[in-house]
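This report refers to the structure that appears directly beneath it.
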Amino acid sequence: MTDETVDVLIIGSGHSGGMAAKCLTEKGISCLMLNAGPVADARRDTEPKPAYALPFRGFKQPGRLEHVFQSNEFNANTWVDEQEVPYTCDPQQPYNWVRVRLFGGRSLFWSRQSFRLSDYELKGKSHDGFGDDWPISLSDLAPYYSRVEAIFRVRGHADGLPQYPDGNFVPDNSSWTGCMQRFVDAGKKMGVPVCKPRSSEGVDGLASSVNLLLPDAFATGKLRAIPNVVVRELRVDPKTGLVSEAHFVDRLSRREMSVKARVVVLAAGTLESTRLLLNSKIGNSSGVMGHYLIDQVYGPGIVCSVPEARDGRATPELMGGAALIPRFRNLDTKAKNFIRGYALNVFSSAHPMDPRNFAAYGAELQKKLDSYSGSGFSTGIMGEVLAHYEHQVSIDKNVVDAWNIPVLHIDTKYTDNEFNMARDAVDTSIELAEAAGFEVLSKNYDPNPPGYSIHELGTCRMGDDPKTSVLNKWNQSHDIKNLVVVDGSCFVSGGWQNPTMTILSLAMRASEHLAEQMRQGNV
């Protein structure tokens, strides 16, 4: 590139990068955005094909995308190819790292569950003595949550629960279906709240960076973006101690380039941001960068049948709908064998049942499937994973990606706290379902591998003490004041909540603070 020095270089175009671009450009600051993938065009880049026309008949190609459970032959080009950009882990401790290198990143694919963290998460140590408190509280984030919820049009119902903070909602006043009402009533008798879920409606069926954030940034005339470039290294000026330059490679032509910047905003996602900083050997005077990797427990849950809906008797009034049981453990009383808490996603379905729920085959199985079709009811856990120093990522110097950049080695596992939490979630689900009069068909106590939730967090945690954290409470590097990290790597604890609303709110808060610091000449 030219010798031009850009005002702010933003690395990443997902929710956090898009929010940074929107906030900074609307403050009159010029930004350049680098993104590792192309701009997606569904009309140009997709082609309908029947399964028989594909080499693997629609199934996953062996050896490719082994850790991406969502992948198949129809959508394989959506995900980062693990052969092109590998990572390493102990085969006995697998990690599912699900990555997207498209303009907009994983904001194009998230589930849209939209929650606020509560002070039970933000101030977890003060509540139960484990880990560390965040340097901010819900009161610090609440104004930003409200603004983000307005942009993303979060539909929800106010429940008045401190562990499930209310927000700026598109009101959800819909009534429960018959089976859901029975489950709600069963929860009341057991002291377990069963609430309406909260979800981003977005606009025109999409709630992503590319339609809710980046258009506003481009409209200012202050944002330029370069797709298909992989950032290799950030360099610090030895005279000033400030990050001054980013080196990157065109992923298609392999051309090496660089750009100078007054400020760098890193928004590549938790693990990619950490990988870049570790490879650059910067910002880690505390020694904690890469440590405290967390995500959320997914997988354990139950599948039930609503007897009244069998044999073709399912009706829209009886079946369908969703609910959420927010954290209810370890609030005022202590669970006997785990700390923190979990939530349960609850779903009712009038669709056919999965054959795996029945211990039968042949004609007997078909009879069961015909009878039980349309009567499905299920729960699934979202559980908090504790932040441990020894759960970490590091650079594997023996393995490089397609552009000769060293890859990450991931070393993490679940502990007894997570396994005990999962068991409690399944046992509670069974108790609630049976109290509602449902038949429990199957139960699963075993969590999916770490990373399966696609909510990897931590590794560049924020804190007030530069000796024990990487970032300050404004997402600014303790070591390098013109380096700001706005993605999920800043989290101190994860909670049970989908982290997207928190990432967006933190990115908004950090970007507006950065804009003011730049205006004052402090950065």
Side-chain angles (χ1 to χ4, degrees), residues 159 161 163-164 175-197 297-338 341-360 364-365 367-383 418-448 496:
D159 296 289
L161 300 174
Q163 75 272 29
Y164 193 38
S175 58
W176 296 111
T177 58
C179 67
M180 280 292 172
Q181 186 62 62
R182 285 162 56 180
F183 197 76
V184 170
D185 294 341
K188 287 180 180 178
K189 292 178 181 178
M190 292 176 53
V192 176
V194 181
C195 304
K196 289 292 179 63
V297 174
Y298 274 48
I302 66 172
V303 175
C304 310
S305 169
V306 179
E308 294 81 1
R310 293 180 202 153
D311 300 315
R313 292 176 292 165
T315 65
E317 292 75 25
L318 175 62
M319 299 300 297
L324 184 119
I325 297 176
R327 173 180 169 179
F328 59 95
R329 296 293 193 213
N330 295 312
L331 299 177
D332 300 319
T333 59
K334 292 184 178 181
K336 64 180 180 180
N337 57 3
F338 66 92
Y342 60 86
L344 289 167
N345 278 316
V346 183
F347 298 102
S348 167
S349 170
H351 295 121
M353 300 287 282
D354 191 319
R356 292 175 295 180
N357 292 306
F358 302 97
E364 181 187 0
L365 174 58
K367 184 177 179 180
K368 287 276 190 181
L369 292 173
D370 292 342
S371 175
Y372 281 73
S373 180
S375 68
F377 194 97
S378 64
T379 71
I381 189 178
M382 298 186 293
E418 286 78 45
F419 290 117
N420 291 337
M421 180 186 293
R423 178 160 290 276
D424 185 83
V426 175
D427 289 342
T428 300
S429 294
I430 293 171
E431 189 175 358
L432 286 165
E434 291 180 342
F438 306 155
E439 178 187 359
V440 177
L441 301 176
S442 61
K443 56 188 176 182
N444 173 47
Y445 289 100
D446 298 325
N448 292 313
W496 56 264

4.5 Å side-chain heavy-atom contact, [X] and [Y]:
X: V303; Y: D354; result: no
X: N357; Y: Y372; result: no
X: Y342; Y: V297; result: no
X: V306; Y: R182; result: yes
X: L369; Y: P352; result: no

Exercise: identify the closest heavy-atom pair between [X] and [Y]:
X: T177; Y: M319; value: CG2-O, 3.6 Å
X: L161; Y: P326; value: CD1-CG, 4.1 Å
X: P307; Y: F438; value: CD-CA, 4.2 Å
X: G299; Y: I381; value: N-CG2, 4.2 Å
X: A323; Y: P197; value: CA-CD, 3.9 Å
X: G191; Y: P193; value: O-CD, 3.8 Å

>> If you apply the rule side chain to side chain contact (heavy atoms under 4.5 Å, CB included), what do you find for V346 with M180, and how did you get there?
In response: CA-CA 9 Å; V346 183; M180 280 292 172; 3.9 Å; yes
>> Among residues at least two apart in sequence or on other chains, which ones pass salt bridge (charged side-chain N to carboxylate O under 4.0 Å, His left out) with E364?
In response: none
>> I'd like to know if the side chain of S429 reaches the main chain of G301, judged simply by a donor and an acceptor atom lying under 3.5 Å from each other, with no hydrogens or angles considered.
In response: no
>> Using only atom types and a distance under 3.5 Å, with no angle test, would you say the side chain of N330 pairs donor to acceptor with the backbone of G341?
In response: no
> How are the rings of F183 and F377 set relative to one another: parallel (under 30°), tilted (30 to 60°) or perpendicular (over 60°)?
Replying inline: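 The arrangement is tilted - the two ring planes meet at 30° to 60°.
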In Å, rounded to the nearest 0.5 Å, how long is the span from [atom1] of [X] to [atom2] of [Y]?
X: M382; Y: Y298; atom1: CE; atom2: OH; value: 5.0 Å
X: Y164; Y: L324; atom1: OH; atom2: CG; value: 4.5 Å
X: M353; Y: S375; atom1: CE; atom2: OG; value: 5.0 Å
X: K334; Y: R329; atom1: NZ; atom2: CZ; value: 15.5 Å
X: K367; Y: L365; atom1: NZ; atom2: CG; value: 12.5 Å
X: N420; Y: Y445; atom1: CG; atom2: OH; value: 12.5 Å

> side-chain contact (heavy atoms from CB on, under 4.5 Å) with I325: which of T379, N345, L344?
Replying inline: L344
> For the side-chain contact (heavy atoms from CB on, under 4.5 Å) test, which of Q163, M421, R327 pairs with W496?
Replying inline: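 So the option named by the test is R327.
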> side chain to side chain contact (heavy atoms under 4.5 Å, CB included) between F328 and T428: does it pass, once the steps are laid out?
Replying inline: CA-CA 11 Å; F328 59 95; T428 300; 3.8 Å; yes
>> Pair E418, F338 - check side chain to side chain contact (heavy atoms under 4.5 Å, CB included), show working.
In response: CA-CA 8 Å; E418 286 78 45; F338 66 92; over 6 Å; no
> Taking only residues two or more places apart in sequence, or in another chain, which ones meet S349 in a side-chain hydrogen bond (donor to acceptor under 3.5 Å, both in side chains)?
Replying inline: H351
> Just checking, any donor-acceptor pair under 3.5 angstrom between side chains of S305 and R310?
Replying inline: yes
